[in-house]
Structures are given as structure tokens and as C-alpha cells.
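Quick notes on the structure that follows.
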Amino acid sequence: MPELPEVETVRRGLEPAMTGHVITQADVNREGLRWPFPPDMAARLTGARVLGLRRRSKYILADLDRGETLLIHLGMSGRMLVSGLQIGHFHHDHPAPEKHDHVVLTMETGARITFNDARRFGAMDLMPAGDNHPLLAALGPEPLGNMFDADYLAARLKGRNTPVKSALLDQRIVSGLGNIYVCEALFRTRIDPRRLAGSLTAAEVAHLVPVIRTVLEEAITAGGSSLRDYRQVGGELGYFQHSFRVYGREGLPCPECGANIRRIAQSGRSTFFCPSCQSA
DNA sequence: ACCACTACCTGAAGGC
DNA sequence: TGCCTTCAGGTAGTGG
């Protein structure tokens, strides 16, 4: 589910509820999600103050006092919902617990952060303060950061015999893109997703970099894309899905040329593209 | 080293 | 109504 724009939207939404505040209660309702939770997770969270929230790729990192950082991944269906935030005179009540509410953090303010994840592909772990976690070790650069530029991407795609679609999904090359935004970026650059990564010209790679940035920034501005599970922290839908040009639009007309959008499978994932605009 | 594929899990949607 | 199949925003691990 959540790709970089969705995770960044969640991070921003958690900020007012968490940053600077103490976690007064941690309710952990199962042993783990994709992996077991770390030992004594509830006790290690209880009483900790959240110093700040960062995002690395599709991970949210909550820096705690006491020298630990909480790592969160939403997997495919994970949601973080905030309730009970006091806004002016309006008090938002806590909703009834729902199926798949796995971890609930209660803050000193009375706000509550609920991690809900139907498919349980998400993850939570605690690590020593910083970025030193095995899941972060091999990640490529942030697509919105300075390290990600045409020279870098060209070097990483060079010699690769996998389709460019699959290469851009590889988090070791660039971290944070997922199926939606790769399809959308390739459409906007008119690059055929079936092309081998190593076959792209320097000009095509140079075009791809700023287009990837633009797509991600537009999606963040829209609060992400809501297809089924994803919600912003207040339960609101994102609305970038209304701006999809090819993703999920099989059989519909291409917004550029009117040809029918096609869906194919690449590395076991659906790829949507315009067979006319994006022809090798 | 590289690449394709499986597995993990639940739920929604579509066909019959 | 219900059963069965397919598909879904991710990614670690396996095996060719």
C-alpha cells in the first residue's frame, strides 16, 4: 500500500500528536506483525518521550528519549490513526476499537495512536537511537534528496537486464517508490516499462529523475493515494488517486492519446501503461 | 551477481 | 446466498 507519499503524509499527521509528548500507555495486542515485536516493547515505550518523527524510505522513525528509536513500516494495509486530539474547544472522542487494531499508544495529552493492519505485513521494532537497523542498511537514496540525480541513477541502471519498471521498484536503487508511482513516472516520461533498465539513454534517465520527484511531491500534496486500506491519520482519504493517468486504468483511454491503457505483469506485479505513448 | 518467483495474511470483488 | 478464484499500495528469502 503505502509508498513514500502515503508514509510521509502519515508522518506529518502524527507529528502534532506525538512530537514532544510522552507515551503514557502502550497496548500491544499480539506478539508481532510481519516479525515478532522486540522484547518488552510495551514497557520500553511506556514513559518514553517522542523527540521527533522522521521518515526514511517507507519507514517512520520515532526518536525517543532513553536512547531508542521506534521503527514503523505500514506494509500493504497498515494504518496509523490519531484520535482524541484536542483542537481548540473541540474534543474528538476515541472511536470504538476495530478488528486488527494491533498496537495502541496513549499519549499524556489523551491523544491515542492506533496501528491497524489487516494483512499484518507491517512491522514495528525498537533500535538504538539513529538509523542503524538491518532493514535500513541496504536502502538506496531518497528520491527527493540530493543524492538522487541523473548521474547516480544512470550508474545504477547501467548493465541491468531487468525491466526498468522492476529496477525502479528495487529499494536498493532508489527507496520509497512503489507500484503506483513507478507506473505514473514511466508514463509521464513516455518510457516503455518493458525496456531493460540498462537500455535507457542518458537523456531518458535525466528526464526520469525530476519527473519522479514531481509525481511524489504532487502525491504528498494530495495526502497520498487511497485505493482500499490507506487513510490519513484522521481517517481521511488521500486524493491523488484521482490524478492517476495509468495506474488502475486498464481499458480506459490514455489521457494523452486515447489509446487503451494496458495492464501486464512484471515480476509478479501489475504494470499499467499506454502501449502507444510508451512504445519501445 | 543478478533475476524471477514464493511466501506472508486478510478482505474485497467478480464469476458461476 | 455461497463458493471459488483473483487481486491488492511491500519485501525478505529462496533457488535458478
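By convention in this document, chain letters (A, B, ...) are assigned in the order of the sequence lines, proteins followed by strands, and residues within each chain are numbered from 1.
In this structure the side chain of A/Phe37 never reaches within 4.5 angstrom of the side chain of A/Asp125, judged on heavy atoms. Using a 4.5 Å cut-off on side-chain heavy atoms (C-beta onward), A/Leu74 and A/Asp117 make no contact.
For the pair A/Met76 CE and B/dG11 C1', the interatomic distance rounds to 12 Å; values are reported in whole Å. Between the CD atom of A/Glu250 and the P atom of C/dC7 there is a distance of 10 Å, rounded to whole Å.
Across all strands shown, the partner of B/dA12 is C/dT6, judged by Watson-Crick or G-U wobble contacts whose two distances both fall under 3.5 Å.
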Exercise for review: Run the numbers on A/Ile113 and A/Leu81 for side chain to side chain contact (heavy atoms under 4.5 Å, CB included), then give the verdict.
Suggested key: CA-CA 6 Å; A/Ile113 292 97; A/Leu81 295 174; over 6 Å; no

**Study point:** Verdict with supporting geometry, A/Arg188 and A/Glu218, salt bridge (Lys or Arg N to Asp or Glu O under 4.0 Å)
**Key:** CA-CA 13 Å; A/Arg188 292 186 186 203; A/Glu218 287 178 11; 2.9 Å; yes

Point to revise | Full working for salt bridge (Lys or Arg N to Asp or Glu O under 4.0 Å) between A/Arg190 and A/Glu204 | key: CA-CA 9 Å; A/Arg190 302 175 61 97; A/Glu204 287 171 324; over 6 Å; no

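As judged by a 4.0 angstrom heavy-atom cut-off over every strand, A/Gly178 is placed among residues touching the sugar-phosphate backbone only. A/Leu169 comes within 4.0 angstrom of nothing in the nucleic acid, heavy atoms only.
Side-chain N/O atoms of A/Lys99 include one lying less than 4.0 angstrom from OP1 or OP2 on B/dG11. In this structure, A/Gln171 reaches the C/dT11 phosphate: one of its side-chain N or O atoms is under 4.0 Å from OP1 or OP2. In this structure, A/Arg119 does not reach the B/dG11 phosphate: none of its side-chain N or O atoms is under 4.0 Å from OP1 or OP2. Phosphate proximity of B/dT10 to A/His100: absent, as no side-chain N or O sits under 4.0 Å from OP1 or OP2. The shortest distance between the side-chain N/O atoms of A/Ser77 and the OP1/OP2 oxygens of C/dA8 is not below 4.0 Å. Applying the 4.0 Å criterion to OP1 and OP2 of B/dT10, one finds that A/Arg79 has every side-chain N and O outside that range. For A/Arg34 and B/dC9, the shortest distance from a side-chain N or O to OP1 or OP2 is not below 4.0 Å.
Taking atom P in both C/dT5 and B/dA7, one finds a spacing of 16 Å when rounded to whole Å. Comparing B/dC9 with C/dC3, their P atoms sit 23 Å apart, to the nearest whole Å.
The listed nucleotides are B/dG11, C/dG10, C/dC7; the one nearest the side chain of A/Glu3 is C/dG10. Side chain of A/Tyr59, nearest nucleotide from B/dC3, C/dA12, C/dG10: C/dA12. Checking B/dA4, C/dA8, B/dC3 against every side-chain atom of A/Asn161, the shortest atom distance belongs to B/dC3. The side chain of A/Thr162 has B/dC3 as its nearest neighbour among C/dA8, B/dC3, C/dA12. Considering only the side chain of A/Arg120, B/dC9 comes nearest among B/dC3, C/dA8, B/dC9. Nearest nucleotide to the A/Ser270 side chain, out of C/dC7, B/dG11, C/dT11: C/dC7. Among the nucleotides C/dA12, C/dT11, B/dG11, the one closest to the side chain of A/Arg269 is C/dT11. Nearest nucleotide to the A/His73 side chain, out of C/dA12, C/dT11, C/dA8: C/dT11.
A/Thr106 and A/Thr24 share no side-chain donor-acceptor pair at under 3.5 Å.
Here A/Phe121 lies parallel enough and close enough to stack on the base of B/dC8, with planes under 30° and ring centres under 5.5 Å apart.
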